[in-house]
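Okay, so here's the structure we're looking at.
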Amino acid sequence: MPTPSALELVTAQKVPRLSASDHVAQTLKKAIVDGLLPAGELLRQDEIAAHFHVSKIPVREALKHLEAKGLVTFLRNRGVVVASLSAAEISEYMEIRALLEARAARLAAPLISQPAIDEAREHLDEFSRTNDSRRWGELNWLFHSTLYAAAARPILLGEIRSLYNRVERYVRALLSVTTEMPKAGQEHSGILDAFVRRDADAAAELTRAHVLDAGASLVTYLNDHRNQGGHR
């Protein structure tokens, strides 16, 4: 029995023309983050169009959208491939995230409501209970974004989300094969406690340290794994 291609592992269905581009982009994004489409995988536009029962126009629009998110790369004379980040690039992305998220936390902590704190706690509890690696990235984002929303800075939150998108698959890989989960949970609890106290300075500093520490662990993991011929 022939081995299915990476694209054949991605669930597709026929969709209305007007929503085709968004549907293709969202489905491919999930497949990339889940690891079904690994770094370096060639994405042939005609194959994708046939797979999703759409023309090549919405496929190209979807791929350009994913390029803007840093998930795919258009290579001259090769086509489109799933993007691969170097350890240096990931380190820089995490440094930028630390700056932006600390700012969001500082702005949000004095203003956050009790319902928002309760919602963030629910996300944190689920994060600690689930064994589904596909949920970790989503729950991590829901926890942090629920806290940051009180800052009422949608552009800032959008930039942070963009940075999450670029490194999420690597963070998920790190959490699935290392002992970082308990540590992440403890750091999240400390951040939440600072928000409960409405302590802007503590919320900002704990958030900054949390993101930088995650970045350092991620770079170490990535260098070790690549030296062993693993994830690109």
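Keep in mind that this is a model prediction, so the values were computed, not measured.
The backbone N or O of Ser86 lies less than 3.5 Å from a partner atom in the side chain of Glu89, making a donor-acceptor pair. A side-chain donor-acceptor contact under 3.5 Å links Ser128 to the backbone of Asp125. The backbone N or O of Ala87 lies less than 3.5 Å from no partner atom in the side chain of Ser91, so there is not a single donor-acceptor pair. Within the 3.5 Å criterion, the main-chain N or O of Ile160 finds no donor-acceptor partner in the side chain of Arg97. A donor-acceptor contact shorter than 3.5 Å is absent between the side chain of Ser162 and the backbone of Gly158.
Using a 4.5 Å heavy-atom cutoff, the side chains of Val82 and Pro38 are not in contact. Counting only heavy atoms from C-beta outward, the side chains of Asp213 and Lys183 approach each other to under 4.5 Å. With contacts defined as side-chain heavy-atom distances shorter than 4.5 Å, the pair Ile117/Gln114 qualifies. Two residues are said to be in side-chain contact when any heavy atoms from C-beta on lie closer than 4.5 Å; Lys64 and Phe74 meet this criterion.
Linking Ile, Leu, Val, Met, Phe, Trp and Tyr whenever their side-chain heavy atoms come within less than 4.5 Å leaves Val33 and Leu139 in two separate clusters.
In terms of heavy-atom proximity, Ala109 sits nearest to Ala200 at CB-CA, 3.9 Å. A pairwise comparison of heavy atoms in Gly40 and Arg78 identifies O-NH2, 4.0 Å as the closest pair. In this structure, Ala62 and Val24 approach most closely via the heavy-atom pair CB-CG1, 3.7 Å. The minimum heavy-atom distance linking Leu111 with Ala150 is given by the pair CD1-O, 3.7 Å. The heavy-atom pair separating Met94 from Leu212 by the smallest distance is O-CD2, 4.4 Å. Shortest non-hydrogen contact noted between Gly70 and Ala83 is O-CB, 3.5 Å.
Ile155 meets the side chain to side chain contact (heavy atoms under 4.5 Å, CB included) test with no other residue; sequence neighbours excluded. Applying the ring-ring contact (aromatic ring centres under 6.0 Å, His included) rule to Tyr93 yields no partners; only residues at least two apart in sequence or on another chain are considered.
Comment: Arg129 does not engage Glu126 in a salt bridge, judged by the lack of any side-chain N to carboxylate O separation of less than 4.0 angstrom. Remark: Glu67 does not engage Arg60 in a salt bridge, criterion side-chain N to carboxylate O under 4.0 Å.
When each of Leu63, Val81, Leu66 is checked for a side chain to side chain contact (heavy atoms under 4.5 Å, CB included) with Leu43, only Leu63 meets the rule. Residue Asn165 is tested with Arg169, Arg161, Glu168 for a side-chain hydrogen bond (donor to acceptor under 3.5 Å, both in side chains); the sole match is Arg161.
The distance from the CG atom of Asp22 to the CD atom of Glu61 is 9.0 Å, given to the nearest 0.5 Å. Between the CG atom in Leu100 and the CG atom in Leu157 there is a gap of 10.5 Å [rounded to 0.5 Å]. Note that the NZ atom of Lys29 and the CG atom of Leu37 stand 14.0 Å from one another [nearest 0.5 Å].
Counting heavy-atom neighbours within 6.0 Å of Arg135 CZ, excluding the residue itself, gives a total above 12.
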Using the side chain to side chain contact (heavy atoms under 4.5 Å, CB included) rule, take Arg153 and Tyr148 through it: C-alpha gap first, then chi angles, then the decisive distance, then the call. CA-CA 8 Å; Arg153 295 291 197 281; Tyr148 303 156; over 6 Å; no
Go through Ile32 and Val72 one step at a time and tell me if the side chain to side chain contact (heavy atoms under 4.5 Å, CB included) criterion holds. CA-CA 9 Å; Ile32 291 170; Val72 305; 3.9 Å; yes
Give the C-alpha distance, both sets of side-chain angles, the deciding distance and a yes or no for salt bridge (charged side-chain N to carboxylate O under 4.0 Å, His left out) between Glu205 and Arg208. CA-CA 5 Å; Glu205 179 53 32; Arg208 186 190 69 82; 2.8 Å; yes
Mind running side chain to side chain contact (heavy atoms under 4.5 Å, CB included) on Arg106 and Asp201 for me, showing each step along the way? CA-CA 6 Å; Arg106 182 178 298 279; Asp201 289 341; 2.5 Å; yes
As a quick check of understanding, evaluate side chain to side chain contact (heavy atoms under 4.5 Å, CB included) for Leu28 and Leu71, giving each step before the final call. CA-CA 9 Å; Leu28 291 180; Leu71 296 177; over 6 Å; no
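Residue pairs satisfying the ring-ring contact (aromatic ring centres under 6.0 Å, His included) criterion with at least one member in residues 181-219, sequence neighbours excluded, are listed as follows: Phe127-His188, Phe143-His188, His144-His188, His144-His210, His188-His210.
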